[in-house]
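Start at 1 with the first residue, then count along the sequence.
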Amino acid sequence: MAKEKKEKKEKKEKKQKTGKGGKKKLLLIPIALVAVAAIGFAVFKFVLPMLGGGDGEEKLPKKLEAYTIGEESVPSLDTVLEEGEGELIAKRGPGKSKAKSEDSSGSASEEEDLEKYTYIYEITGAAAVMNRYLNVLMGEEQGFSLVDESYLIQGERPELQDAEGALLLARASAQEGRIFQLAIGWSDVNGTLAVRVAAPEGQLRRPEPEREPEPASLSQQMDELKAMDPKHLALPGGVMSDYDIYPVEGFVTIDGQLCRRFNIYEVGKSGDIAGIIFYSGDMQHLYRMDPDDNSIITELK
């Protein structure tokens, strides 16, 4: 009797592992997601755990055209897969789980019930597939952006690798106060890729534009010029006290640098200009104009 029970148990476990047709089944899915989560990307550390796994399964279509939640829809990964690159092997959802929402500043707020779907693919050449898929998602028609876990839009598209990767994409949802979100991760440990689709509460945030630094004040630049060695300004004198420096009002742009102009005369010889200097607002660049030919400007090293 004990031997018979053991044989039945072994047959049952073998059936669960292989399934019909020998395809990878759901037994591999938790392993794949754990492998992806272990990558160390912030997206999977903070976002995917919030989404959780799905609660249900259904028969898979031969080709899934779109991921849909409520009024939201986006072309699926299937639409960019070429022959032999992969296939959808499992779908989980719809299901609901608790997820932390984000307020307008990106800080975590109270939890919400989040509907989501999880799609699992068996895939080869993930980087090439995902680059094509990003072209679709981030194109004008779909309007997704790469974001971090606080929904801050990222400026640069990353260089993808087949070995492993994690991406979070989002766009404004038709539902007020929500975003339409795709969290995608893959690992070539067992050739699987997971797409999790949800519409959590939140708002996309754009990086604050970098402010141009304020140019140095006139007095700062004058002090610096007076402290320089005249040779640095292509002047023959021994000390800068041999010269009078007169600033010209306004700025000019040279090599993309905002510069003030300074006319320099030898003391007691105000009629003959000794040098024309342009000093950049960040005080990192000096240019000299030839007094005999006002069109020739040379950067001083």
Side-chain angles (χ1 to χ4, degrees), residues 26 29-30 32-33 36-37 41-81 86-102 111-123 126 129-139 141-151 153-154 160 165-187 192-204:
L26 292 180
I29 294 171
L33 294 181
V36 173
F41 286 80
V43 170
F44 273 74
K45 184 176 180 181
F46 297 104
V47 179
L48 292 189
M50 298 179 192
L51 296 179
D55 297 335
E57 300 172 29
E58 61 183 64
K59 187 176 180 180
L60 301 177
K62 289 185 178 179
K63 182 178 180 180
L64 182 67
E65 294 294 334
Y67 305 133
T68 303
I69 288 184
E71 301 177 21
E72 305 292 353
S73 183
V74 62
S76 71
L77 185 71
D78 303 60
T79 61
V80 302
L81 285 174
E87 62 178 330
L88 180 66
I89 60 173
K91 172 188 174 183
R92 294 181 63 82
K96 290 189 176 182
S97 65
K98 291 290 185 181
K100 291 182 180 179
S101 59
E102 305 284 341
E111 293 187 346
E112 61 163 323
D113 283 328
L114 183 64
E115 181 181 5
K116 78 284 180 196
Y117 293 81
T118 305
Y119 302 86
I120 309 297
Y121 292 82
E122 184 177 29
I123 199 165
V129 172
M130 281 305 306
N131 274 314
R132 292 202 304 273
Y133 194 39
L134 285 181
N135 290 339
V136 173
L137 295 178
M138 300 176 70
E141 184 175 349
Q142 297 304 320
F144 279 82
S145 298
L146 286 164
V147 298
D148 66 11
E149 67 276 5
S150 68
Y151 310 138
I153 294 175
Q154 304 298 289
L160 306 181
L167 298 170
L168 185 62
L169 296 108
R171 73 182 182 200
S173 171
Q175 303 177 65
E176 187 175 354
R178 291 183 177 272
I179 60 171
F180 187 29
Q181 176 193 91
L182 300 181
I184 306 172
W186 64 93
S187 171
T192 35
L193 180 149
V195 181
R196 291 180 179 176
V197 184
E201 292 180 357
Q203 184 176 355
L204 294 180

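- Counting heavy atoms from C-beta outward, Leu134 and Leu169 have side chains that approach closer than 4.5 Å.
- Of all non-hydrogen atoms in Glu201 and Tyr151, the two that sit nearest each other are O-CE1, 4.0 Å.
- Of the possible polar contacts, one joining the Ser76 side chain to the Leu64 backbone as a donor-acceptor pair under 3.5 Å is found.
- With sequence neighbours left out, the ring pair (Phe, Tyr, Trp, His ring centres under 6.0 Å) criterion links Phe180 to Phe144.
- At a threshold of 4.5 Å between non-hydrogen side-chain atoms, the residues Val129 and Ile123 count as touching.
- The two atoms that bring Ala126 and Trp186 nearest to each other are CB-CD1, 3.4 Å, heavy atoms only.
- In this structure, Leu168 and Gln181 have side chains that are in contact, with non-hydrogen atoms separated by less than 4.5 Å.
- In terms of heavy-atom proximity, Pro61 sits nearest to Leu88 at CD-CD2, 4.5 Å.
- Checked against side chain to side chain donor-acceptor pair (under 3.5 Å), Gln142 has the following partners two or more places apart in sequence or in another chain: Arg171.
- For Thr79, there are no side chain to side chain donor-acceptor pair (under 3.5 Å) partners at least two apart in sequence or on another chain.
- Judged purely by atom type and a 3.5 angstrom limit, Arg196 has no side-chain atom pairing as donor or acceptor with the backbone of Thr118.
- Listed by chain and residue number, nothing satisfies the ring pair (Phe, Tyr, Trp, His ring centres under 6.0 Å) test with Tyr133 (two or more places apart in sequence, or in another chain).
- Between Met130 and Leu167 the shortest heavy-atom distance is CE-CD1, 3.7 Å.
- With values rounded to the nearest 0.5 angstrom, Tyr119 atom OH is found 14.5 Å from Ile89 atom CD1.
- Nearest heavy-atom pair across Ala170 and Leu204 is CB-CD2, 3.8 Å.
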Could you walk me through whether Val74 and Leu137 satisfy the side-chain contact (heavy atoms from CB on, under 4.5 Å) test, starting with their C-alpha distance in whole Å, then the side-chain angles of each, then the deciding distance to 0.1 Å, before giving a yes or no? CA-CA 8 Å; Val74 62; Leu137 295 178; 3.5 Å; yes
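- Side-chain contact between Gln203 and Ile179 is absent, with no heavy-atom pair separated by less than 4.5 Å.
- Partners of Tyr121 by side chain to side chain donor-acceptor pair (under 3.5 Å), not counting sequence neighbours, listed by chain and number: Tyr67, Asp78.
- Annotation: side chain of Lys91 is in contact with side chain of Leu60 (closest heavy-atom distance under 4.5 Å).
- Scanning for side chain to side chain donor-acceptor pair (under 3.5 Å) contacts around Ser173 gives Glu72, with sequence neighbours left out.
- With sequence neighbours left out, Asn135 forms a side-chain contact (heavy atoms from CB on, under 4.5 Å) with Arg157.
- Counting heavy atoms from C-beta outward, Ile120 and Leu193 have side chains that stay 4.5 Å or more apart.
- Minimum interatomic distance between Ser73 and Thr68 (heavy atoms only, all atoms of both residues): OG-OG1, 3.3 Å.
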